[in-house]
Amino acid sequence: MTILVAGGSVVSPAGVTRADVLVDGETIAAVLAPGSVALGADLGADADRVIDATGKYVLPGAVDCHTHMELPFGGTFASDTFETGTRAAAWGGTTTIVDFAVQRHGERVQDGLAAWHAKADGQCAVDYAFHQIIGGVDDESLAAMDELVAEGITSVKLFMAYPGVFLSDDGQILRAMQTAARNGAMIMMHAENGTAIDVLVAQALTRGDTAPVWHGLTRPWQTEAEATARAITLAELTGAPLYIVHMAAKQAAAEVAAARDAGQNVFGETCPQYLYLSLEEQLAAPGFEGAKWVCSTPLRARAEGHQEALWSYLRTNDLSVVSTDHCPFCFKEQKELGVGDFSKIPNGIGSVEHRLDLIYQGVVDGRISLERWVELCAATPARMFGLYPRKGVVAVGSDADLVVYDPAGHTSIGVDKTHHMNMDYSAWEGFEVDGHVDTVLSRGTVLIEDGKYLGRKGHGRYLRRGLSQYLV
Ligand code: URP
Ligand code: ZN
Ligand code: ZN
């Protein structure tokens, strides 16, 4: 099967070029820039089908390197399965996800990983890979890190938050970083001072401050900035590469910027919720409504200027990636577990479907360039986690994961509108954004076209990854 995506403008971090893209089977066979128009026309005549991309952008399928399908959390599970979550991803132009397999204290890493394979195998609409959460750093799990790298799981997530559940103390972090410095794995860090936060949470509950907004007020920016600085220091000491996940506080991002300026292999990721939403407007919504936006790190106060600063850090490459940290919970029965006690609200927001549109709005609003949009949402996450150039670029030999994006289109977000995630609400309800994901191909198969989902579960394949391609 050959498909010619004709007449569009191909966007890469390096620029925007008018070009036709020829897909042969699962890969890109040719990218025909102006000057080879005659050749393109000939190919069009020969291709089994032509997708007209005139007036539209042609992008590499987006790569969301931070999702949590079916994550067990707070006595419940993230509400998207690999089937529903990857289908929603496809609707939004994301053709690769990297999800987090979980190992808890006392469990074998290999067992946690096997459980994640069992959840995802045969279920996914788009290609997928795994990071490994290590919730119990000990001799055995450290030894398993070498096996993980050999198996293509080249990044591990550690937590400085959630004492008694996932938290690693500084000694454990140091040991994991020493291992990563040796075997090349990327240390992904949830950087919040969980021990201090737990004290603030207990004090708030004792005072009777139980509403959702207290989730944010008991995790002030200092707890994020301190943990970020500590993680950077331990990475410097050990020589480990470090990637700070879901960054929300401008002071924490400043720590990453300073480490990068000093030449350290430190990277930062943020998410759409930290760019658009805030503690005052969402988390402090009346009654229990704010529970919809309980996530960690928390939404931060707009009055403190975090959102604007994060956009700026994205522009200057001090922050390198926008992922979603997709971790959806329904309002009814799941978020409601925390009625009367904010600390029992399961942490997470669902956005896997909306990242490309939401960040394109940053282009429309003049915050980032078109090229940077593709870099943040596709090229850099692919490179960061060893998937490039198979993913993240429109180039000969790459997987034919393509998005035809209509800049003149419009997307209305909400449960009854463009919402295919397994949630009974949308954290983005009422958002009206410019641009629209028109057509989505995954390895040469059309998944989305004319407002219809044409994919199937099981199309998505597991991807073994190489080491991060930002390290020397
Ligand atoms: O609130 C969040 N972020 N839930 C998902 C788990 C995590 O820490 O990333
Ligand atoms: Zn986290
Ligand atoms: Zn996460």
Side-chain angles (χ1 to χ4, degrees), residues 64-80 85 89 97-104 112 116 128-135 155-168 173 186-194 197-198 201 212 215-216 218-219 223-224 227-228 231 242-249 252 267-275 277 279 282-283 290-300 321-331 334-335 337-338 342-352 355 381 384-385 421 423 427:
D64 191 342
C65 61
H66 190 152
T67 69
H68 298 283
M69 307 304 172
E70 303 178 46
L71 177 75
F73 195 107
T76 187
F77 287 83
S79 56
D80 263 322
I97 63 160
V98 191
D99 204 88
F100 288 82
V102 178
Q103 178 255 355
R104 288 169 184 274
W116 238 254
Y128 63 100
F130 294 143
H131 313 285
Q132 179 74 49
I133 286 174
I134 300 194
S155 40
V156 298
K157 183 178 178 190
L158 304 177
F159 288 78
M160 301 167 97
Y162 307 127
V165 185
F166 285 130
L167 182 140
S168 293
I173 292 170
M186 178 71 80
I187 296 288
M188 304 175 77
M189 189 62 79
H190 180 130
E192 289 189 292
N193 185 327
I197 287 168
D198 269 14
V201 168
H215 172 79
T218 55
R219 308 176 96 90
T223 59
E224 183 183 346
T228 302
L242 176 65
Y243 176 99
I244 312 279
V245 295
H246 50 53
M247 299 197 72
F267 308 91
E269 160 202 276
T270 191
C271 313
Q273 52 269 34
Y274 305 119
L275 296 165
L277 310 179
L279 183 138
Q282 277 78 29
L283 204 51
K292 292 177 176 174
W293 296 280
V294 164
C295 60
S296 296
T297 50
L299 302 186
R300 302 248 171 245
V321 168
V322 179
S323 72
T324 57
D325 191 10
H326 177 74
C327 191
F329 295 99
C330 289
F331 189 74
Q334 293 198 295
K335 291 288 186 180
L337 290 168
F342 69 86
S343 72
K344 295 200 166 56
I345 301 169
N347 289 198
I349 284 182
S351 307
V352 75
R355 182 182 55 132
M384 189 68 70
F385 295 108
M421 300 174 287
M423 298 170 72

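Both counts, for ligands and for their atoms, begin at 1 and track the order of listing.
- The backbone N or O of P298 sits nowhere less than 3.5 Å from a side-chain atom of Q273 that would complete a donor-acceptor pair.
- Taking the N/O/S atoms of D325 in turn, the shortest distance to the Zn ion (ligand 3) belongs to OD1.
- Only the side chain of C327 comes within contact range of ligand 1, with a heavy atom under 4.0 Å; no backbone atom does.
- In terms of modelled atom types and a separation under 3.5 Å, the side chain of W116 and the main chain of V102 share no donor-acceptor contact.
- Residue, atom and distance of the protein heavy atom nearest to atom 4 (N) of ligand 1 are N347 O, 3.0 Å.
- Listed by atom number, the atoms of ligand 1 under 4.0 Å from F159 heavy atoms are 8 (O).
- Below 4.0 Å from some heavy atom of D325 lie the following atoms of ligand 1, by number and element: 2 (C), 3 (N), 5 (C), 9 (O).
- Relative ring orientation between H68 and F100 is described as parallel, the plane-to-plane angle staying below 30° on a 0-90° scale split at 30° and 60°.
- Each of E224, H190, E269 was compared with H246 under the side-chain hydrogen bond (donor to acceptor under 3.5 Å, both in side chains) criterion, and only H190 meets it.
- Atom-to-atom distance recorded for C295:SG and Q282:CD is 10.5 Å, nearest 0.5 angstrom.
- Between the side chain of K344 and the backbone N or O of G75 there is no donor-acceptor pair closer than 3.5 Å.
- Distance check: K157 NZ to F166 CZ gives 8.0 Å after rounding to the nearest 0.5 Å.
- At a 4.0 Å heavy-atom cut-off, ligand 1 does not touch F100 at all.
- Rounding to the nearest 0.5 Å places CD1 of I197 at 8.0 Å from NE2 of H215.
- Looking at atom 2 (C) of ligand 1, its nearest protein heavy atom turns out to be S296 O, 3.4 Å.
- Contact annotation: F159 places no N, O or S atom under 2.8 Å from the Zn ion (ligand 2).
- Remark: ligand 1 atoms within the under-4.0 Å shell around heavy atoms of C295 are 1 (O).
- For H68 atom NE2 and H66 atom NE2, the angle they make at the Zn ion (ligand 3) is roughly 100°, to 10 degrees.
- Looking only at its N/O/S atoms, H190 has ND1 as the one nearest to the Zn ion (ligand 2).
- If you look at Y162 and F73, their ring centroids are closer than 6.0 Å.
- Under a 4.0 angstrom heavy-atom cut-off, F166 registers as lying outside contact with ligand 1.
- In terms of modelled atom types and a separation under 3.5 Å, the side chain of T223 and the main chain of N193 share no donor-acceptor contact.
- One option in H190, H66, Q273 has a heavy atom closer to atom 8 (O) of ligand 1 than any other, and that option is H190.
- Ring planes of F130 and Y128: tilted class, angle from 30 to 60°.
- Looking only at its N/O/S atoms, H246 has NE2 as the one nearest to the Zn ion (ligand 2).
- Distance from atom 7 (C) of ligand 1 to its nearest protein heavy atom, with residue and atom name: K157 NZ, 3.4 Å.
- Taking distance alone, with nitrogen or oxygen atoms compared against 3.5 Å, T297 stays at or beyond that limit from ligand 1.
- Protein heavy atom at the shortest distance from atom 6 (C) of ligand 1 is H68 NE2, 3.7 Å.
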